[in-house]
Number of protein chains: 2
Amino acid sequence: MTNLSTTSDDILACARSLIIAGGYNGFSYADIAEVVGIRKASIHHHFPSKVDLVRTLVFRYREEARAGFAELERTAADPRDQLSSYVGYWEKCIADASAPFCVCALLASELPVLPAEVAGEVRLHFETLSEWLTSVFERGAEVGIFRLSNPPQAEAEAFMAAVHGGMLSARVHDEALRHDHRFDARSPLQLTQLGHHIRPHSTYQLVDRENDDN
Amino acid sequence: MTNLSTTSDDILACARSLIIAGGYNGFSYADIAEVVGIRKASIHHHFPSKVDLVRTLVFRYREEARAGFAELERTAADPRDQLSSYVGYWEKCIADASAPFCVCALLASELPVLPAEVAGEVRLHFETLSEWLTSVFERGAEVGIFRLSNPPQAEAEAFMAAVHGGMLSARVHDEALRHDHRFDARSPLQLTQLGHHIRPHSTYQLVDRENDDN
DNA sequence: CGTTACCTACCTAATAGTAGGTAGGCTGCA
DNA sequence: TGCAGCCTACCTACTATTAGGTAGGTAACG
C-alpha cells in the first residue's frame, strides 16, 4: 500500500502532457521541474537523459494501449462495439481535455528528427494499433458483421488514419474557439470532438442490425 | 526576368523542409544558415525573428494552396476528379519525398505551443481547406455525382482527417522501411504512399459511372 | 549617397547534462 | 542499542552548447 516514490511517475505524467501539447522539442527539463516542484538535476537522477525519459514514457504508453486493447477483447466481444469504444475513448480524452492527442501520433509527426530509440518505440505503437484494428476487422468480416470493400489491413489503416486526422482537426477547432470568437458562430462547439471529424462507420459497410433505429 | 535576391526564397524553402521534418521547435536559424550557405545573422536581415519567418512561410503556403484549389476549379470540373487530384498531389509529394507532410498539418499538431501569430495562420489554412472541400462535396451532391450520407461539411472534415492521418501513417511506414528491414517482408513498399492509408472514396457514395471497370 | 545584402563579433537566455554534497532511511553487525 | 555503511532522493552550483537576436561594419550597386 506504500505509494513509494511517486516522483518518477509524476515526472512521467508531466512529460506526457507536455509532449501532448508540443512534442519532443516542445518541452524542457526546466518545464517539468517547475510543474513537479523539483530541481532540474533531480530529474536526471530518475531519468539520466531526455531520451531515457521519453523512451520509458512511450514504452509505458504502449503498455497501457496494449492493456486497453486486451480489455476491449474481454469486455466487448462485438467488433462494432470494440471500434466504437476505441473512438469513444478518444472522444472522452478530447472532450475533457485530459489528453487531447495521442502521444505517439504527435511524436510520429516529428519522426525524422526524433532520437532513434524514441522513434523505434513510436513505430512499435503504430504496429500494435494497426495489428489490433486489423484483427477487429478480420473478425468482424468472419462473423459476418462487416462487409469489407478492402482487405482488413487496409480498412484498419484507413480507420487509424481517420482517427489520427480527426485529432488534428479537433485540436485546430479547439484552438480556434479559444482564440477566435467569431468562429463560434460558424462552427458548433461540438466540432472540437473527434466524432465530428471522422466517419469511422463509412470506412466499412455494416450489415444491418435488426434494431437499427437510433 | 531578374531572379533578384533569391536568398530569402532559399531561406523560406529551407525552413519549409525543416518544418516538414520536425516542426517549429525542430529547427534553428543555425540549421538554415548551414544549408543556405549564409551566416545566422544574415537570416535576421531577411526575417527579423523566427516568428516572422514562419508566419510568412505559412502565409505563402496558404497562398499556394488557394491557388491550387482555384486551379483545380478551372481544370477539373468533375468533383470526383478534384478530390482525386487533391489526393494525387499528396501521393506524389510523399512518393518522391519532396514534401512528405503538409506544413500546416505538422504545425497544427504543435498548436498549443506555437506563437499566436503562427497558430493563426495555421488555423486559416484549415479553414480554407475545409471550405474548399465542403464546396466540392456540395457541388458533387447537387450535380448528382455524390450520394452523401452526411452534410457536406461533415464529409469534408472526414475527408480532410483521412488525408492528414494518412500522411502520419505514411511517415511511420516510411521510417520503418528506413530503419527496420524486417518490416520489408510484412508490408509492401507501397504502404509509404497515401492511398494505402486512406479510403477517401468510402467516405462518400459514388453514383455508378457507366464505365466503372477499373 | 543611400540602400541592399551580407559579414564579424557579440549578447543573453535557455538547453541538456555533470560534479559533488547532504539529509534521511534502511541493513547488518558488534 | 548503537553505530558503520550504504542507498535513495534530493539539493546547489556548475559546465558546454545552442537558442534567438543585436550592433556595427563593409562592399557592391543603381
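Proteins get letters first, then strands, A, B, ... in listed order; numbering begins at 1 in each.
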How long is the line joining CG of B/Leu53 and C1' of D/dA19, in whole Å?
-> 15 Å
Determine the interplanar angle of the B/Phe137 and B/Phe159 rings, folded into 0 to 90°, and report it as parallel if under 30°, tilted if 30 to 60°, perpendicular if over 60°.
-> perpendicular
Report the distance from atom OH of B/Tyr24 to atom C1' of D/dA19, rounded to the nearest whole Å.
-> 11 Å
Taking only side-chain nitrogens and oxygens of A/Ser42, does any of them come within less than 4.0 Å of OP1 or OP2 of D/dC11?
-> yes
Among D/dT12, C/dA16, C/dT8, find the nucleotide with the atom closest to the side chain of B/Arg39.
-> C/dT8
Which nucleotide sits closest to the side chain of A/Lys50: C/dA16, C/dA19, D/dT22?
-> C/dA16
Which of C/dT18, C/dC6, C/dA16 is nearest the side chain of B/Ile38? It is C/dC6
How far apart are the closest heavy atoms of A/Val172 and B/Leu111, and which atoms are they?
-> CA-CD2, 3.8 Å
Figure out the CD1/P separation between B/Ile43 and D/dT22, and round it to whole Å.
-> 14 Å
At their closest point, which heavy atom of B/Asp81 faces which heavy atom of B/Ala76, and how far apart are they?
-> CB-CB, 4.0 Å
NA contact type, A/Phe47, heavy-atom cut-off 4.0 Å: base, sugar-phosphate, or nothing?
-> nothing
Should A/His45 be listed as having a side-chain N or O under 4.0 Å from OP1 or OP2 of D/dA9?
-> yes
C/dA14 phosphate, OP1 or OP2: any side-chain N/O from A/Ser28 under 4.0 angstrom?
-> no
Donor-acceptor pair present, B/Lys40 side chain and D/dG20 base, under 3.5 Å | yes
ring-ring contact (aromatic ring centres under 6.0 Å, His included) involving A/Phe47 - partner list, sequence neighbours excluded | none
How many Å lie between CD on A/Glu34 and P on C/dT15, as a whole number?
-> 10 Å
Quick one: is A/Ser49 getting a side-chain N or O under 4.0 Å of the C/dA16 phosphate, OP1 or OP2?
-> no
For the pair made of CG in B/Asn25 and P in C/dA16, what is the distance, rounded to whole Å?
-> 11 Å
Is A/Thr7 near enough to D/dA9 that one of its side-chain N or O atoms lies under 4.0 angstrom from OP1 or OP2?
-> no
Answer yes or no: does a side-chain N or O of B/His46 lie under 4.0 Å from OP1 or OP2 of C/dT4?
-> no
Should we say atom CD of B/Glu73 is surrounded by more than 12 heavy atoms from elsewhere, each under 6.0 Å from it?
-> yes
Could you state the CG-P distance from A/Asp31 to C/dA13, rounded to the nearest angstrom?
-> 17 Å
Can you tell me the distance, in whole Å, between the CD1 atom of A/Ile32 and the P atom of C/dA14?
-> 17 Å
Listed nucleotide nearest any side-chain atom of A/Tyr29, set D/dC10, C/dC7, C/dA16 = C/dA16
Rounded to whole angstroms, how far apart are NE2 on B/His44 and P on C/dC11?
-> 16 Å
